[in-house]
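Scroll down for the structure; my scribbles are underneath it.
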Amino acid sequence: MKAVRKIYDEEVLYINELILTKGCIYGVIGPSGAGKSTLLRIINMLTDQSSGEILYNGEPAPKNGLGKLTLQRNMALVFQKTLLFKDTVWNNIAYGLKARGFNKKEIEIRVNSLLDQIGMTELASRRAETLSGGEAQRVAIARAVAFEPEILLLDEPTANLDPGNIELIEEMIIKMARDKAITVIMVTHNVFQAKRIADQVIFINQGKIVEMGPTEKIFSKPDNESTRLFVEGKMVY
Ligand SMILES: Nc1ncnc2c1ncn2[C@@H]1O[C@H](COP(=O)(O)OP(=O)(O)O)[C@@H](O)[C@H]1O
Ligand SMILES: [Mg+2]
C-alpha cells in the first residue's frame with residue numbers, strides 16, 4: 001500500500017507505506033476507532049480507498065470487473081460475528097468449493113479434513129443455526145480457508161468466545177497459515193493474542209501505523225513510546 005487514504009466525513013486512515021509478505025501472520029492492534037477494520041475492508045476491496053495505490057503481487061489492483069473479482073476470490077474475510085448459511089455444517093464448509101467449481105471428490109476430501117481439524121466431524125450434519133458461538137466461528141474459519149485463499153483477513157474473530165475456543169481457533173489459524181503459506185492479517189482487541197500468534201505486529205492509532213515490527217520486538221523493546229504503553233495495557237483511550 002502506498003499513500004493509501006480513507007476519508008469518510010474526515011480522514012480515518014492514512015497508510016504511508018505498508019508491505020505485507022506472503023505467508024506471514026500479522027497481528028493488527030490498536031484502540032477502538034483506530035482504523036483497523038477499515039484497513040481490512042480496503043485490503044479486501046469491500047471499500048475503495050479515497051486515494052493512494054494498492055498492489056497485489058506487484059500489480060495494481062483492478063478497481064472493478066473480473067480482475068477485481070479474481071483478487072477478491074483469493075481472499076477470505078472472517079468477522080467477529082459471522083453469519084453462517086442456514087444449512088448443515090458440512091454444506092457451509094463446502095459452499096465456497098462448490099462455487100469455485102471443485103469436483104465432488106476434492107470437496108469431500110477437503111471438507112472432511114477441515115472438519116477433523118476443527119474437531120467437528122461428529123457435527124457435520126448439524127444445522128449451523130444450532131451451534132454455539134465458538135463452534136460457529138470454527139466453522140466460519142474452516143469455510144473461509146477451504147478454498148485455500150492467499151490472504152486470510154480476520155476481524156476480531158475470537159471476541160466474546162470462551163478460552164477453550166479461543167485456544168482452538170488460534171491453533172487452527174497458525175496451522176492453516178503454516179501448512180498452506182496463507183498470509184494472515186488478524187485484527188485483535190487483545191494484545192496477548194497478537195503476541196501468541198503473530199510474526200509481525202502492526203500498531204495502529206488514530207488512522208496511522210505508529211509502529212510495525214517483529215512481535216518479539218514490539219513487546220520487548222518497541223521504538224515508540226505509545227506502542228509500549230499500548231502493549232503494556234497502560235494507554236488510556
Ligand atoms: N462507513 C463509515 N462511515 C463513516 N465513518 C466510518 C465508517 N466506517 C468507519 N468509520 C469511522 O472510521 C474510524 C475507524 O473505524 P474502524 O476502522 O471501524 O476502527 P477500528 O476497527 O479500529 O475500531 C472510526 O472513527 C469510525 O467511526
Ligand atoms: Mg474494528
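Throughout, residue positions are numbered sequentially from 1 according to the sequence presented. Keep in mind the model is a prediction, meaning the values are calculated, not measured. In each ligand, atom 1 is the first atom listed, and ligand 1 is the first ligand listed. Atom set for the values below is all heavy atoms of this structure, side chains included, hydrogens, waters and symmetry mates excluded.
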| said: Atom NZ of residue position Lys104 - does it have more than 12 heavy atoms of other residues, nucleotides or ligands inside 6.0 Å? | reply: no
| query | Is any protein N, O or S atom closer than 2.8 Å to the Mg ion (ligand 2), and if so, which? | reply |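 Those protein N, O or S atoms (cut-off: under 2.8 Å from the Mg ion (ligand 2)) are Ser37 OG.
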| ligand 1 versus Val12, non-hydrogen atoms closer than 4.0 Å: side chain, backbone, both, neither? | side chain
Quick one: does [X]'s side chain get under 4.5 Å of [Y]'s, heavy atoms only?
X      : Y      : answer
Ile209 : Ile15  : yes
Asn112 : Trp90  : yes
Ile25  : Arg178 : yes

So which heavy atom in the protein is nearest [atom], and how far is it from that ligand atom?
atom                    : value
atom 18 (O) of ligand 1 : Ser37 CB, 3.7 Å
atom 19 (O) of ligand 1 : Gly35 N, 3.3 Å
atom 17 (O) of ligand 1 : Thr38 OG1, 2.5 Å
atom 8 (N) of ligand 1  : Tyr8 CE1, 3.4 Å
atom 14 (C) of ligand 1 : Gly33 O, 3.4 Å

| query | Linking I/L/V/M/F/W/Y whenever their side-chain heavy atoms sit closer than 4.5 Å, directly or via other members, would Ile107 and Ile118 fall into one cluster? | reply |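 Same hydrophobic cluster.
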| Qualifying residue for side-chain contact (heavy atoms from CB on, under 4.5 Å) with Leu114, from Met172, Met120, Met176, Arg143 | Met176
Identify whether the distance between the nearest side-chain nitrogen and carboxylate oxygen of [X] and [Y] falls below 4.0 Å.
X      : Y      : answer
Asp223 : Lys217 : yes
Lys175 : Glu171 : no
Glu225 : Lys234 : no

| For Pro31, is the nearest heavy atom under 4.0 Å from an atom of ligand 1? | yes
| request: Could you tell me if any non-hydrogen atom of Gly30 lies under 4.0 Å from any atom of ligand 1? | output: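 No, Gly30 has no heavy atoms under 4.0 Å from ligand 1.
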| query | In the hydrophobic clustering that connects Ile, Leu, Val, Met, Phe, Trp and Tyr at side-chain heavy-atom distances below 4.5 Å, which members other than Tyr95 occupy its cluster, ordered by chain and number? | reply |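 Grouped by the 4.5 Å side-chain rule, Phe85 form the rest of the cluster around Tyr95.
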| query | By number and element, which atoms of ligand 1 are closer than 4.0 Å to a non-hydrogen atom of Ser32? | reply |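 The atoms of ligand 1 under 4.0 Å from a heavy atom of Ser32 are 23 (O).
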| Counting both backbone and side chain atoms, is some N or O of Lys36 under 3.5 Å from an N or O of ligand 1? | yes
| query | Within a distance of under 4.0 Å, is there any protein heavy atom near atom 4 (C) of ligand 1? | reply | yes
| Exercise check, heavy-atom protein proximity under 4.0 Å to atom 27 (O) of ligand 1 |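 Within 4.0 Å: no protein heavy atom nearby.
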| Leu77 side, atom CG; Ile43 side, atom CD1 - distance, nearest 0.5 Å |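 If we round to the nearest 0.5 Å, Leu77:CG and Ile43:CD1 are 10.0 Å apart.
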| query | Roughly how far, to the nearest 0.5 Å, is the CZ atom of Arg196 from the OG1 atom of Thr188? | reply | 8.0 Å
